[in-house]
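Structure record follows, encoded as structure tokens.
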There are 2 protein chains.
Amino acid sequence: MDVGARLQNIRKLKGLSQRELAKRAGVTNSTISMIEKNSVSPSISSLKKVLGGIPMSLVEFFSIDVEQDSDTQVVYKADELIDISDGAVSMRLIGKAHPDRAIAFLAETYPPGADTGTDMLVHEGEEAGMLIEGRLELTVNGQTYVLETGDSYYFESSKPHRFRNPFERPARLISATTPANF
Amino acid sequence: MDVGARLQNIRKLKGLSQRELAKRAGVTNSTISMIEKNSVSPSISSLKKVLGGIPMSLVEFFSIDVEQDSDTQVVYKADELIDISDGAVSMRLIGKAHPDRAIAFLAETYPPGADTGTDMLVHEGEEAGMLIEGRLELTVNGQTYVLETGDSYYFESSKPHRFRNPFERPARLISATTPANF
DNA sequence: ACAGAGTGTTCAGGATTTACAACAAGCCGT
DNA sequence: ACGGCTTGTTGTAAATCCTGAACACTCTGT
């Protein structure tokens with residue numbers, strides 16, 4: 001996480017000098033210089049002030065990244081899926097786990113009693129899924145639902161959520177999450 | 001942009017006390033307190049250290065929506081899915097079709113002879129899917145594959161692609177595409 | 001009621017960051 | 001070569017942030 005290089009790249013992309021950006025942002029040029037050289041770690045408020053001169057939000061600033069992947073495999077046999085299981089819940093990722101993929105497409109199996117945990121999951125993005133076998137309990141934003149086979153769900157991942165299988169049969173779920181965060 | 005309230009919400013969602021989070025993050029509890037009360041604007045390095053104790057990235061931190069509005073439907077019965085069929089291929093969208101959703105999660109049925117068309121599909125994003133019934137032919141980048149039940153796929157949508165069912169049984173597919181373009 | 005362990009807040013002092021100003025180096029037109 | 005402009009990089013003093021140690025409060029078990 002190189003804040004300095006990141007800022008310098010963006011500034012030059014915008015064709016601004018340190019002084020020009022400083023003037024627009026309402027800070028001094030030395031501040032910009034020291035931030036770019038990583039000789040200081042700016043406070044949120046001052047970094048926000050600096051980005052205001054571009055203009056750019058903090059989210060944008062931290063999410064700037066350009067990567068290239070050379071993933072060529074397209075079709076995966078059932079036994080080729082990558083196992084990223086966490087505890088009792090079996091999760092098999094479809095496609096290679098390169099870090100900057102946008103979709104996490106998973107085949108999940110919840111044996112009886114399986115649970116994603118008492119502290120709710122919270123992250124950015126959206127997720128959707130369909131239950132193809134068994135029954136499964138889903139809690140979103142304090143609301144608890146029971147999914148029957150064939151039912152599906154869709155919600156924003158920023159809402160606290162949790163999956164649990166309190167039933168006697170295993171549940172099989174196909175789900176997609178974006179962005180892929182694991 | 002209330003950094004303090006944001007941190008407090010996330011911390012409480014994770015069920016952590018100020019001291020507990022401070023310990024995990026390697027800072028003092030007073031730091032957490034003052035950040036949450038907005039009596040200081042933390043430096044990037046210390047905020048990053050604090051988030052490391054959750055753990056959570058800066059991007060997530062600034063992009064998480066901590067609102068608790070929840071009048072949106074989460075669970076959909078099998079017959080509630082929105083039909084967006086195109087030609088012979090039946091496509092049922094999971095979740096309401098609001099314009100700015102990130103994921104298109106679909107339950108698709110390809111009857112024998114069904115085809116997405118001779119001119120290849122090309123668009124932004126990524127897509128993945130799993131075949132849960134029947135057999136299906138998939139062509140990506142000139143390469144043609146035959147998916148058996150249980151097989152799955154994952155590729156970038158910018159590569160020309162096409163789905164076709166030349167077999168005698170209908171094929172059922174669950175797929176996800178991002179961004180949602182339909 | 002009390003001790004003990006938990007919670008979040010506050011304050012002085014040391015550490016870090018910022019502003020202001022001076023500095024050296026590069027470029028252009030005369 | 002020489003100003004006159006720009007660029008980015010330092011010092012030093014002032015402002016801000018972080019730590020460590022208190023403080024007041026709630027809860028639980030004795």
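Every chain is numbered from 1, with letters handed out A, B, ... down the list of sequences.
- Look at A:Arg11 and you won't find any side-chain N or O under 4.0 angstrom from OP1 or OP2 of D:dT7.
- The listed nucleotides are D:dA22, C:dT18, C:dC20; the one nearest the side chain of A:Pro42 is C:dT18.
- Evaluation of atom-type donor-acceptor distances gives no pair under 3.5 Å for the side chain of B:Arg19 against the base of C:dG6.
- Comparing A:Ser17 and B:Ser43 by the nucleotide of DNA chain D whose heavy atom lies nearest to each, the residue mapping closer to the 5' end is A:Ser17.
- A side-chain donor-acceptor contact under 3.5 Å links B:Ser43 and B:Ser46.
- Atom CD in B:Glu20 sits about 14 Å away from atom C1' in C:dA5, given to the nearest Å.
- Atom pair B:Asn38:CG and D:dC18:P shows a separation of 13 Å (rounding to whole Å applied).
- Rounded to whole Å, the distance from CD1 on A:Ile44 to P on D:dT16 is 17 Å.
- A donor-acceptor contact under 3.5 Å is formed by the side chain of B:Ser30 with the base of D:dG20.
- One can place CD1 of B:Ile32 at 14 Å from P of D:dG20, the figure rounded to the nearest angstrom.
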Practice item. List the steps, then state whether side-chain contact (heavy atoms from CB on, under 4.5 Å) holds for B:Glu133 with B:Arg169. Key: CA-CA 9 Å; B:Glu133 186 185 322; B:Arg169 290 180 46 210; 3.8 Å; yes

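- When rounded to the nearest whole Å, the span between CG of A:Leu21 and P of D:dT9 equals 14 Å.
- Checking A:Asn29 against B:Glu36, the closest nucleotide of DNA chain C that is more toward the 5' end is the one next to B:Glu36.
- Between the P atom of C:dC11 and the CE atom of B:Met34 lies a distance of 11 Å, rounded to the nearest Å.
- Computed from coordinates, the B:Ile35 CD1 to C:dG8 P distance equals 14 Å when rounded to whole Å.
- If you check C:dA19, D:dT19, C:dT17 against the side chain of A:Lys49, the one that comes closest is C:dA19.
- Within the 4.0 Å cut-off from OP1 or OP2 of D:dC18, at least one side-chain nitrogen or oxygen of B:Ser46 is found.
- Between B:Phe62 and A:Phe62, the ring planes lie parallel to each other; the angle is under 30°, not in the 30° to 60° tilted range.
- With the nearest nucleotide of DNA chain D identified for both A:Ser45 and A:Thr31, A:Thr31 has the one nearer the 5' end.
- Put simply, CD1 on A:Ile174 and CG on A:Leu106 are 10.5 Å apart, with the number rounded to the nearest 0.5 Å.
- Here B:Tyr153 and B:Phe163 bring their ring centres to under 6.0 angstrom of each other.
- In this structure, the CG atom of B:Leu47 is 18 Å from the P atom of C:dT16, given to the nearest Å.
- Among D:dT19, C:dT9, D:dT10, the nucleotide with an atom closest to any side-chain atom of A:Lys37 is D:dT10.
- Close to D:dT7, at under 4.0 Å from its OP1 or OP2, lies no side-chain N or O of A:Gln18.
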